[in-house]
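Below you'll find the structure, written out as C-alpha cells, and then a few comments.
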Amino acid sequence: MKRKTEVSELIFRIVAYFFLIVFAAMCIYPLVFALSSMFSSWDAVRNNEVILWPTGKLQLDSFKFVFNSANFWVSYSNTLFVTFIGTVWCLIYSILGAYALSKKRLMGRHGFNFFLVFTMWFSAGVVPQFLNYKATGSVMATLFAGSTNMADIDLKWLIVLAMGMNATNIILLRNSFEGVPSEIEEAARIDGATELQILTKVYIPMSKATIATVALFFGISRWNGYFWAYRVTSAAGQNYSWPVQVYMRDFIQKETGLTGSYDIDTSDLANVGQGTSIAYAMVIFAMVPILVIYPFIQKYFAKGVNMGGVKE
C-alpha cells in the first residue's frame, strides 16, 4: 500500500528540489557562458552583450587560434604529465601509508595518526612551504644534475614529487582498509600470501571505490593546480614547464593590460573582445578531460567517500 505523503514532507521536497535546481543552474551557467563567449562575435564579447546564448555573428577564429597555438599545447601536455604521473605517484604512497596506519600492530601507530591529523589542523604557512619546495628542488638538482640550482632540472618532476601529500585522502584510505574483515587477511596469510600480496590481492580490490574517489581528488587537484605550480616554475624561470592553468593566467594578464612573461603572439589580437573570447576558448579546452572522465568515476564517488569517511 502506497504511503500518503505528509504535507510537511511535500513542502520539504519542493524546497529541496528548488534549491537543488538553482544550485545546478549556478554550476552549469559558467560553462554555457564560456561556450557562448567563444562562438560570439568579438564586438559582442567586448561590449558584454553575451548573457546566455551566442550573440552577434558566430565565429570560429577563437577556436582556431587556440587549436593552432603551440605554446598552449605545450602547457597542455605539461598538465597531462603532472596530472597522470602525479596521481599515480600520490596513489602509490598514499595507499602504502594508509595500509601501514590501518594495522594495529604498527609500533607508534597512534602517534603517526596524530601527526597526520595535526597537519590538517595547523599549517606551517605559505612562506615555509615555498622554502620547502625550493629546498626539495635544490636536492633534486644535486642528485640528478650535480647542481644546487633547481632551474637545472625539469620542474614538472618537482611538482609531481613534492606536492603530493594530502592527509585527508590518506585518512579516507586508512578508514577503508580498516573496514576490511580481518578474517580475510588471516585466511590469505594461512595460504602463504606475503604482505604485498595481501595489499594488492585483498585490500586494494575490496577498497576500489575509495581508491577511485581518492584518484579523482588527486587528479582534479593536479589538473586545476595553479598557485604552487606558478610560484615554483616562475621562481626558476621555467616558463616552458607551465601547466595550462598558469599559461591561461598569463594570457589573461596580458589581455587585461597587466604584465605577463610568457612569449605569446598577440599581434593579431585587435581588441579586448577577441582576447577574452580566446581566453574562454582556452577554458573550454582545459575542461574537456575532466568532463569526459568524471562520469565514469562518479558512480564510485558517494560509495567511496562513505566507506572511507565512516569508521566502524
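All heavy atoms count here, side chains included; hydrogens, waters and symmetry mates do not. Since this is a predicted model, take the numbers as computed values, not measurements.
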Quick one: does any side-chain atom of [X] pair with a main-chain N or O of [Y] as donor and acceptor, under 3.5 Å?
X: Gln197; Y: Thr194; value: yes
X: Ser36; Y: Leu52; value: yes
X: Ser207; Y: Ile204; value: no
X: Ser277; Y: Met38; value: yes
X: Ser221; Y: Phe218; value: yes
X: Glu49; Y: Thr55; value: no
X: Thr210; Y: Ser176; value: no
X: Trp73; Y: Phe67; value: yes

Please determine whether residues [X] and [Y] belong to a single hydrophobic cluster, defined as Ile, Leu, Val, Met, Phe, Trp and Tyr linked transitively by side-chain heavy-atom distances below 4.5 Å.
X: Leu80; Y: Leu291; value: yes
X: Phe18; Y: Met26; value: yes
X: Leu143; Y: Ile153; value: yes
X: Leu131; Y: Leu158; value: no
X: Val22; Y: Val15; value: yes

Checking side-chain polar atoms at under 3.5 Å, does [X] have a donor or acceptor matched by the opposite partner on [Y]?
X: Gln245; Y: Arg249; result: no
X: Ser241; Y: Asp154; result: yes
X: Ser75; Y: Trp242; result: no

* Asked: Under 30°, 30 to 60°, or over 60°: which ring-plane class applies to Phe72 and Tyr76, parallel, tilted or perpendicular?
  -> tilted
* To do: Hey, can you tell me if Phe118 and Phe114 have their rings parallel, tilted or perpendicular (30° and 60° cut-offs)?
  =>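 It falls in the tilted class, 30° to 60°.
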* How would you list all residue pairs meeting side chain to side chain donor-acceptor pair (under 3.5 Å) that involve residues 87-96, not counting sequence neighbours? -> none
Would you call [X] and [Y] a salt bridge, using N to O less than 4.0 angstrom?
X: Glu195; Y: Lys201; answer: no
X: Lys103; Y: Glu185; answer: yes
X: Glu178; Y: Arg109; answer: yes

* Asked: Taking atom CG of Leu101 and atom CD1 of Ile171, what is their separation to the nearest 0.5 Å?
  ->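 Between atom CG of Leu101 and atom CD1 of Ile171 there are 9.0 Å.
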* Measure the spacing between CG of Leu172 and CZ of Phe217 and express it to the nearest 0.5 Å. => 6.5 Å
* Asked: Is the distance between the ring centroids of Phe39 and Phe63 under 6.0 Å?
  ->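 Between Phe39 and Phe63, the centre distance exceeds or equals 6.0 Å.
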* Asked: Where do Ile252 and Ala279 come nearest, in terms of heavy atoms and distance?
  ->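 Taking Ile252 first and Ala279 second, the nearest heavy atoms are CG1-CB, 4.0 Å.
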